[in-house]
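Okay, structure first, notes after.
In what follows, chains carry the letters A, B, and so on, assigned in the order in which the sequence lines appear, proteins first and then strands, with residues in each chain numbered from 1.
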There are 2 protein chains.
Amino acid sequence: MAATIIDVARHAGVSIATVSRVMNGTTAVRPDTRQRVAEAIEALGYRPNQLARSLPGGQSDRVIGLVIPEINNPVFPEIAQAVEHEARHQGYQVMLCQTDDRWAIELKYAKLLIDRRVSGIIFVSGSFSHVKGDMEPYRLVREANIPYVLVNSRASDSTMAPVLATDEVAAGKMQAAYLLQHGHRHIGFLGGGLGYYVTRDRLLGVNQAMASLARGETASLTQQLGGFQQNRATLLARTLLTQNPRPTGILCASDLLAMIFMTQARHMGLRIPDDLSVIGFDGIQMVQHTWPPLTTIAQPLRKMGTLAVKSVLGQPINPRLELTLIKGQSVGAVPSNAILKDVAT
Amino acid sequence: MAATIIDVARHAGVSIATVSRVMNGTTAVRPDTRQRVAEAIEALGYRPNQLARSLPGGQSDRVIGLVIPEINNPVFPEIAQAVEHEARHQGYQVMLCQTDDRWAIELKYAKLLIDRRVSGIIFVSGSFSHVKGDMEPYRLVREANIPYVLVNSRASDSTMAPVLATDEVAAGKMQAAYLLQHGHRHIGFLGGGLGYYVTRDRLLGVNQAMASLARGETASLTQQLGGFQQNRATLLARTLLTQNPRPTGILCASDLLAMIFMTQARHMGLRIPDDLSVIGFDGIQMVQHTWPPLTTIAQPLRKMGTLAVKSVLGQPINPRLELTLIKGQSVGAVPSNAILKDVAT
DNA sequence: CTGTTAGCGCATTCAC
DNA sequence: GTGAATGCGCTAACAG
């Protein structure tokens, strides 16, 4: 159907080698010849077949695989956007792989990307972020000699790959410290299960912050762990809200969780930050538009996407990722009647 | 580096054809032979090169190109998610192309996708959605004989391609009607420029709704058109809010615009829906988490993604897309002091 | 059932 | 400068 290099050669009365030359500018070609070829290309609307082009060169499809749990959680689009930008600037395309947070699909995608001989793979919050995660995908990719990088969450020791992640312990510490500073002593934690490294690290940080209170001071921690999915999160939020006594300062593992939580709190007639303080994590752009504006610890999401691309392309990077406190209006002082107020179900 | 089919053949003591056969199950192979080959494959960790595999068959890379303006506007991830799901179920992968809403990049991506011989291309809110949009990308794709579909917004007559879009006129009508029902007679419109078909159609619908008021009744319309980008939108929102008299019912071209608008309104000390009513468009999931929950007209975003995939794969679809009113709490009655109240800048 | 032989579209040595 | 020849990894006839 489409014109091939042979058609062009014939049309221009030259050999295919010459056509190839004018296309890639490998060797010098006499101006008039080059002209004739150019015209032939134009006339036939010829476009070189990238697939065929990749074959001789060994591999290198100039494609980067981006593997993420779900496109719908706003934190991933922000990373994806940066990945696409950087990839585009470097002349690469992005293969979008969504795993629905299921390891089997992640493995399947890893295989597909290997088979396609992509230039690199970026795994975001994959099974590696789970304590008992399946390391098979990464093993395969490594054996296939394809550069990859693990974004978000800690990598287990068995994966020898660059990791791009913020200090989750520090993150938990910052979140808790901020709540403690505002006088909260009954902290609630809403997050994923203990199977996730993030959860463990975050809790570690929280405990560190609580331990560093002045002597005599104590604080309690109520956890609701389960998952990041909307349904689960809604349930967890309700449960946390019906605790008695109810925590006054809530620390959420992600901004989306925080948003879900705030919505639930509202459903139950609680006001933020008057009755309840909330702090999130991620720093997605959407936090500007919540009410009240969410106070959160921001990761450099865009930077993470950019660095991930550079990393798999073998370019030197500084993997230092800073956390930033974004002050919204979702954290306030402890309500004076905190202990008395009951919850309406 | 990686093992090829030849290595496997040698290792198993058979011909490459036989290896190919056991891989694809094309022809029957004697069990013990198949076994030997399987072992060889396993032993060498062989994975067939998809690129090479595509060549003989003509094309068909089993890849679908998804071209969207930006990943960050929440409406696109929702479509993208559905596209990935459907593509995966059908054994296809998705190439993510972000244009930053720039025609030049859209064109560039169209070329890249053609060169890569993708199976189909899904253009979402592309340059075709603009009255003076550049039709070159679609022309090229058509000439390359690659199936494509235009999602969102109306296609100009010059593009002969399936279009997947809701009835924008009806949408505008629904939005306006809802506000009118609540007694609003001073309507504000916040949206993209007149260069977009959506804007034109939406305004057409708004006018239709306003025209169908009972005799003697009239309503006014104040427009702020400009763009969908965050910065622009913020400016437009402020301008709209400082009109005198200020419209009491605001109709936004997208949910994101509505969210931006509500945030601005809040900054100016206005309460929704007490002082101001707002209705959005798109029906993104995030509307559940705004405050107040946004009232909006929902498009079947997921369905659009699913149908888009089926469409480019040549499967029969019913392109009927229904609009649904999602009742939030952002629309209320006209404030009694609407005319008196001034705006603080 | 299985091995042999052509290409697929292109880049790349080589000679001329 | 340019053309002919070779091979990339694999599938698909075509023979045995």
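- Residues passing the ring pair (Phe, Tyr, Trp, His ring centres under 6.0 Å) test with A:Tyr196 are A:His130, A:Phe228, sequence neighbours excluded.
- No donor-acceptor pair under 3.5 Å is formed between the side chain of B:Ser125 and the backbone N or O of B:Asn152.
- One atom, CG of B:Leu51, and another, C1' of D:dG9, lie 10 Å apart when rounded to the nearest Å.
- Rounded to whole Å, the distance from CD1 on B:Ile5 to C1' on C:dG3 is 13 Å.
- Just one residue in the list A:Trp103, A:Tyr138, A:Phe128 forms a ring pair (Phe, Tyr, Trp, His ring centres under 6.0 Å) with A:Phe123, and that residue is A:Tyr138.
- To the nearest angstrom, P of C:dC1 lies 11 Å from CZ of B:Arg34.
- In this structure, B:Asn318 contributes its side chain and B:Arg320 its backbone to a donor-acceptor pair below 3.5 Å.
- A donor atom on one side chain and an acceptor atom on the other are not found under 3.5 Å apart for B:Gln50 and B:Arg62.
- Between the CG atom of A:Asp32 and the C1' atom of D:dG1 there is a distance of 10 Å, given to the nearest Å.
- Counting heavy atoms from C-beta outward, B:Glu70 and B:Gln229 have side chains that stay 4.5 Å or more apart.
- One interatomic measurement links the two molecules: CG of B:Asn24 to P of C:dC1, which rounds to 18 Å at whole-angstrom precision.
- A sub-4.0 Å separation between OP1 or OP2 of C:dC10 and a side-chain N or O of A:Ser54 is absent.
- Residues from residues 15-23 of chain A with heavy atoms under 4.0 angstrom of DNA chain C, sorted by number: A:Ile16, A:Ala17, A:Ser20, A:Arg21.
- The salt bridge (charged side-chain N to carboxylate O under 4.0 Å, His left out) search around B:Arg302 returns none, not counting sequence neighbours.
- Within the 4.0 Å cut-off from OP1 or OP2 of C:dT2, at least one side-chain nitrogen or oxygen of B:Thr33 is found.
- The OG atom of B:Ser15 sits 11.5 Å away from the CD1 atom of B:Ile6 when rounded to the nearest 0.5 Å.
- Between the CZ atom of A:Arg10 and the P atom of D:dA4 there is a distance of 13 Å, rounded to whole Å.
- Of the listed nucleotides (C:dC10, C:dT2, C:dT12), C:dC10 has the atom at the smallest distance from the side chain of A:Asn49.
- Nucleotide D:dC8 holds its C1' atom 13 Å from the CG atom of B:Asp7, rounded to whole Å.
- With respect to the salt-bridge test (charged N to carboxylate O, under 4.0 angstrom), the residues B:Arg139 and B:Glu136 qualify.
- Residue-to-nucleotide proximity on DNA chain C shows that, of B:Ala28 and B:Ala52, the 5′-proximal contact is made by B:Ala28.
- Take A:Glu106 and apply the salt bridge (charged side-chain N to carboxylate O under 4.0 Å, His left out) test, not counting sequence neighbours, and it matches no residue.
- Inter-axis angle, ends of the helix from C:dC1-D:dG16 to C:dC16-D:dG1, five pairs per end, rounded to 10 degrees: 40°.
- Put simply, B:Arg53 has no side-chain N or O that comes within less than 4.0 Å of OP1 or OP2 on D:dG9.
- Formation of a donor-acceptor pair under 3.5 Å by the B:Arg47 side chain with backbone atoms of B:Ala2 is not found in this model.
- Taken residue by residue, residues 36-48 of chain B places heavy atoms nearer than 4.0 Å to DNA chain D at B:Tyr46, B:Pro48.
- For A:Gln315, the CD atom is densely surrounded, since the number of other residues' heavy atoms within 6.0 Å is greater than 12.
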